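What follows is a set of notes on a single structure, which appears directly below.
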2 protein chains.
Amino acid sequence: MAGESERSDAARNRELLLKAARELIEECGADGLTMDRLAERAGVGKGTVFRRFGSRAGLMMTLLSDSEAEFQGRFMFGPPPLGPGAPPRDRLVAFGAERISYVLEYGELARAADSSAYNRFDVPAAVLWHRHIEMLLRAAGVTADPWLMAMSLSSTLDPERLLYAVRVHHVAPERLAESWRELVTRVVSCPGGVADPMAHTSAGDR
Amino acid sequence: MAGESERSDAARNRELLLKAARELIEECGADGLTMDRLAERAGVGKGTVFRRFGSRAGLMMTLLSDSEAEFQGRFMFGPPPLGPGAPPRDRLVAFGAERISYVLEYGELARAADSSAYNRFDVPAAVLWHRHIEMLLRAAGVTADPWLMAMSLSSTLDPERLLYAVRVHHVAPERLAESWRELVTRVVSCPGGVADPMAHTSAGDR
DNA sequence: ATAAGATGCGGACCGTAGTCCGTTTAGCAT
DNA sequence: ATGCTAAACGGACTACGGTCCGCATCTTAT
């Protein structure tokens with residue numbers, strides 16, 4: 001991005017790096033990818049790697065960006081129940097289920113993409129999910145601090161925890177999805193006064 | 001195995017290290033404490049630091065252990081509503097509120113005590129909280145996968161997220177506590193009936 | 001007191017993420 | 001072609017967490 005076009009050598013190196021990164025991950029797993037090895041494998045200097053991606057987490061995010069974009073497209077514009085058209089509760093349930101599959105599929109990568117600093121929650125994709133959940137909560141009539149409630153729900157879908165449950169405690173993925181469904185149901189449909197069946201529907205989605 | 005006792009020089013060095021660590025944190029903040037500086041400040045070798053505490057996270061946990069033990073005592077044996085005697089729902093609410101205060105008080109430290117690996121969830125204190133929450137959920141009649149539900153609730157109380165909300169988004173601590181109360185209320189007091197008719201019965205599933 | 005063995009010590013060493021800065025090169029204007 | 005400049009490059013360098021292992025010290029049995 002930046003000003004205008006990318007210089008040709010820069011573009012070439014970016015491709016070289018992405019290719020090398022995918023190979024390396026294929027061979028050694030995401031955890032086995034180090035910035036030094038990547039640079040060597042791609043035949044460029046280490047400085048170049050950081051110039052391109054900023055950090056290891058940035059690289060991982062770049063590698064995930066395609067599938068990430070596809071996921072975003074699906075929950076924002078795709079068919080129900082994930083996309084607009086279904087009741088907010090169902091969309092939330094579907095969102096979690098998809099996210100769980102996503103994390104289990106791209107496991108290590110998704111985890112490696114989470115930097116270990118605060119800004120981890122400020123990354124564009126993360127704020128998008130957060131806003132999405134918040135919007136759905138509002139649409140579902142949850143009036144109690146949707147921002148924080150969305151944060152709580154997001155935290156449940158954190159790759160680190162999800163992978164911990166699956167890999168260390170051998171929790172079945174369906175069980176995760178079911179628990180998410182349970183959680184969302186309770187959060188959405190059970191304010192001080194039982195139901196709030198009323199509709200909202202609408203509009204909020206965008 | 002020569003008994004259990006600690007060799008005198010080891011004991012001395014442990015005190016030296018803890019003292020130095022507290023000073024360093026006082027002066028530079030938890031993030032400014034590095035193992036090298038700590039070793040130098042305490043006048044011992046680096047190997048000694050790791051021999052004592054195993055890792056940086058281990059050191060931080062040791063530093064927190066007093067207040068941590070005190071907290072554990074309060075929620076396990078102390079007076080209601082935190083301790084036994086109050087209804088489970090109230091105990092959960094109190095637990096979260098206390099934990100939030102705790103994290104805000106020991107902020108950086110609590111965060112630094114979380115190693116960045118999976119085992120972060122396996123640390124004794126963490127499994128204790130988890131079990132405590134799980135137990136309260138069961139006592140409150142939540143039959144749907146209390147283990148995972150406890151995990152979701154725990155994730156809401158994660159130091160990293162809590163501090164992010166407070167430091168980056170300037171969320172007031174009371175607002176955190178209030179949102180926690182809201183969340184717990186919904187999780188606990190939603191009969192499963194409302195939007196989820198059929199509560200699958202089977203209380204006995206485990 | 002002394003010797004023997006367990007325990008602890010220290011700091012050189014390693015792998016890693018990330019930075020810095022002198023050098024090279026692409027792209028453009030002439 | 002040539003020269004200029006901003007961008008990109010590369011790899012030495014730093015800081016950090018963590019490991020290793022030969023050496024020193026404490027403890028205990030004699």
Side-chain angles (χ1 to χ4, degrees), chain A residues 1-18 20-21 24-25 28-63 108-109 111-120, chain B residues 1-18 20-21 24-25 28-63 108-109 111-120:
Chain A
M1 352 239 17
E4 327 299 338
S5 57
E6 191 174 33
R7 236 171 71 167
S8 64
D9 51 347
R12 193 197 62 230
N13 281 335
R14 201 193 52 233
E15 293 314 314
L16 243 36
L17 282 166
L18 288 176
L24 235 27
I25 285 173
C28 320
D31 293 343
L33 182 157
T34 72
M35 301 307 256
D36 285 311
R37 294 221 275 180
L38 174 58
E40 186 190 8
R41 176 71 156 252
V44 306
K46 195 176 180 180
T48 303
V49 182
F50 281 89
R51 160 170 286 268
R52 290 286 107 204
F53 304 107
S55 68
R56 203 180 108 101
L59 165 68
M60 299 300 186
M61 277 170 33
T62 302
L63 289 173
E108 294 186 29
L109 250 176
R111 195 167 149 256
D114 281 340
S115 96
S116 42
Y118 284 140
N119 65 13
R120 155 183 174 183
Chain B
M1 304 285 259
E4 331 290 317
S5 58
E6 189 176 35
R7 238 171 69 170
S8 61
D9 50 349
R12 194 197 62 230
N13 281 334
R14 201 192 53 232
E15 294 314 313
L16 242 36
L17 282 166
L18 289 176
L24 234 27
I25 286 173
C28 319
D31 293 343
L33 183 158
T34 74
M35 301 307 256
D36 285 313
R37 294 221 274 183
L38 174 58
E40 187 190 8
R41 175 70 156 254
V44 305
K46 195 177 180 178
T48 303
V49 182
F50 281 89
R51 159 171 285 271
R52 290 287 106 201
F53 304 107
S55 68
R56 202 181 108 101
L59 165 68
M60 298 301 184
M61 276 169 34
T62 302
L63 289 174
E108 293 186 31
L109 250 175
R111 195 168 148 254
D114 281 340
S115 97
S116 42
Y118 284 141
N119 65 14
R120 155 181 170 183

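Every heavy atom of this structure was used, including side-chain atoms; hydrogens, water molecules and symmetry mates were not. It should be emphasised that the depicted structure is a prediction, and the values quoted were computed from it without experimental measurement.
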- Task: Measure from the side chain of A:V44, starting at C-beta and using heavy atoms only, and say which of D:dG10, C:dG18, D:dG18 lies closest.
- Result: D:dG10

- Pair A:R52 + A:E6: basic N to acidic O under 4.0 Å: yes

- Message: It should be established whether B:S8 places a side-chain nitrogen or oxygen under 4.0 Å from OP1 or OP2 of nucleotide D:dT27.
- Response: yes

- Query: Counting just side-chain N and O atoms, does B:T48 come under 4.0 Å of either OP1 or OP2 of C:dG10?
  - Reply: yes

- Note on the structure: Whole-Å distance, A:F50 CZ to D:dG11 P, equals 15 Å

- Message: Checking the side chain of B:E108 only, and the main-chain atoms of B:D31 only, is there a donor and an acceptor separated by less than 3.5 Å?
- Response: yes

- How long is the line joining CG of A:L16 and P of D:dC9, in whole Å? 10 Å

- Message: Rounded to whole Å, please give me the gap between CZ in A:R37 and P in D:dG10.
- Response: 20 Å

- Item | Distance, rounded to the nearest Å, where A:L59 contributes CG and C:dT16 contributes C1' | 15 Å

- Between D:dA8 (P) and A:R51 (CZ): distance, integer Å: 5 Å

- Presence of A:R7 side-chain N/O under 4.0 Å of D:dA7 phosphate oxygens OP1/OP2: no

- Item | Side-chain N or O of B:N13 closer than 4.0 Å to phosphate OP1/OP2 of C:dC9 | yes

- Derivation and outcome, side chain to side chain contact (heavy atoms under 4.5 Å, CB included), residues A:R56 and A:S115: CA-CA 8 Å; A:R56 203 180 108 101; A:S115 96; over 6 Å; no

- Row check, A:Y118 ring normal vs B:R111 NZ/CZ: under 6.0 Å, within 45°: yes

- Atom pair distance, as rounded to whole Å: CG in B:L38 and P in C:dG10: 12 Å

- Message: Determine whether a donor-acceptor pair (one donor, one acceptor, N or O, separation below 3.5 Å) exists between the side chain of A:K46 and the base of D:dA12.
- Response: no

- Toward the 5' end of DNA chain C, by each residue's nearest nucleotide, B:A11 or A:S55: B:A11

- Query: Taking atom P of D:dT27 as reference, at what distance in whole Å does atom CZ of B:R12 sit?
  - Reply: 11 Å

- For the side chain of A:R56, counting heavy atoms from C-beta on, which of C:dA17, D:dG18, D:dC9 is nearest? C:dA17

- Could you walk me through whether A:N13 and A:V49 pass the side chain to side chain contact (heavy atoms under 4.5 Å, CB included) check? CA-CA 9 Å; A:N13 281 335; A:V49 182; over 6 Å; no

- If you check every side-chain atom of A:T34, which of C:dT16, D:dC9, D:dT19 has the closest atom? C:dT16

